[in-house]
Amino acid sequence: MVRYLELLKLAALMQRGGGRDTAEALADINARLLAATTPLQREIFQTSTLDATLVAGPRAARIATREERSLGPFLPRRGVGLALSASDIETYRSCPLRYKFSRVLRIPAEQTRQQRFGITVHQVLERFHGEGGGTLAQMLELLDAGWRRAGLGYGEQEGRLHERARAALARYHARLQEQAAQPVWFERSFAFRLGPHHLRGRVDRVDRLAGPADGSQEQARYELIDYKTSRPRTAEELSQDVQLSLYALAASEAWKLESSQQAYYYVLDDRKVPVPRPAHDADSITHTVLQVGEGILAEAFEPTPSPAACSLCDYRIVCPASEA
Ligand code: SF4
């Protein structure tokens with residue numbers, strides 16, 4: 001944890017500068033960091049020699065005054081372009097500075113309990129299907145094993161989450177038996193080029209949709225499904241969504257599946273929200289990817305704070321622009 005705070009401190013110091021005195025900037029950053037730590041973390045943090053090194057060393061002045069401006073060597077390059085995922089693109093669009101902290105400076109983020117919970121549910125589904133499916137009891141065994149691995153317990157709050165996960169997985173299992181569509185791929189990866197950039201990712205599940213009742217021959221249709229453990233969003237709220245549009249483009253470019261539709265499956269609420277694609281969707285997502293790539297290559301990392309973005313940002317405690 002203390003190393004994490006020191007990394008945050010360095011990132012915050014790099015972001016400030018603009019002629020400010022290093023010691024003065026450090027005092028402000030330390031005050032923000034200390035306000036977010038436990039008494040034990042505070043005690044260890046205050047014994048760190050990092051501040052003395054930063055204030056005394058010539059490198060500190062360069063960091064604080066941002067003389068070392070080019071982050072070129074740290075960008076996730078692939079050939080003349082960048083390696084990009086849907087999450088990279090969404091992070092940059094939500095706030096370029098957040099992208100810089102996360103993907104360029106690679107400041108690791110502490111996972112919240114809710115995040116560990118979501119990852120665990122996701123992994124249960126991945127392992128269940130990876131092992132060829134099975135009974136509900138087998139699925140729930142995977143949950144218990146994953147729960148322990150994630151360091152989650154059975155106290156009041158985590159016990160409630162565990163019950164919620166069990167109920168959600170039971171509904172998921174029942175739905176799987178009932179549905180007419182046939183799941184054909186799980187965690188299927190893709191990689192393709194878009195302009196100079198390399199796009200990569202994995203789709204949680206691909207279902208082959210049931211054919212027409214009259215048995216007529218037509219091109220097979222598929223549904224690309226991404227699992228979510230967050231609050232369900234409506235199709236309208238998802239109209240600017242990047243992830244599924246990118247997956248649809250990937251299905252066509254990387255897998256040659258021309259006829260696909262896509263949906264988010266909110267596992268905890270057992271709700272599937274189809275996200276329709278307008279006719280110009282491929283052009284629109286291509287434009288978005290190229291625009292984001294251009295911004296990253298130009299090292300345009302100015303913050304775009306908003307209460308919505310900052311409240312979910314792992315770097316808000318040190319970010320000078322935070323609106324959280
Ligand atoms: S706290 Fe807000 S402005 Fe700062 S990096 Fe995060 S999202 Fe951007």
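Scope of the values below: all heavy atoms of this structure, side chains included, with no hydrogens, waters or symmetry mates. Just follow the structure's listing: the first ligand is 1, and inside any ligand the first atom is 1.
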Quiz item: Using the ring of each side chain (for Trp, its six-membered ring), is F301 parallel, tilted or perpendicular to Y99, with breaks at 30° and 60°?
Solution: parallel
Self-check item: Exercise: do S85 and D88 side chains pair donor with acceptor under 3.5 Å
Solution: yes
Quiz prompt | Neighbour count >12 (heavy atoms, 6.0 Å) for atom CZ, R271 | solution = no
Quiz item: Looking at E131 and R127, does any basic side-chain N land under 4.0 Å from a carboxylate oxygen?
Solution: no
Self-check item: Non-neighbouring partners of R233 that pass side chain to side chain contact (heavy atoms under 4.5 Å, CB included), sequence neighbours left out
Solution: R231, E237, L238, Y266
Exercise. Quick one: name the protein N/O/S atoms under 2.8 Å from atom 2 (Fe) of ligand 1, chain by chain.
Key: C310 SG
Exercise. Could you verify whether a donor N or O on one side chain and an acceptor N or O on the other, from Q243 and K228, lie under 3.5 Å apart?
Key: yes
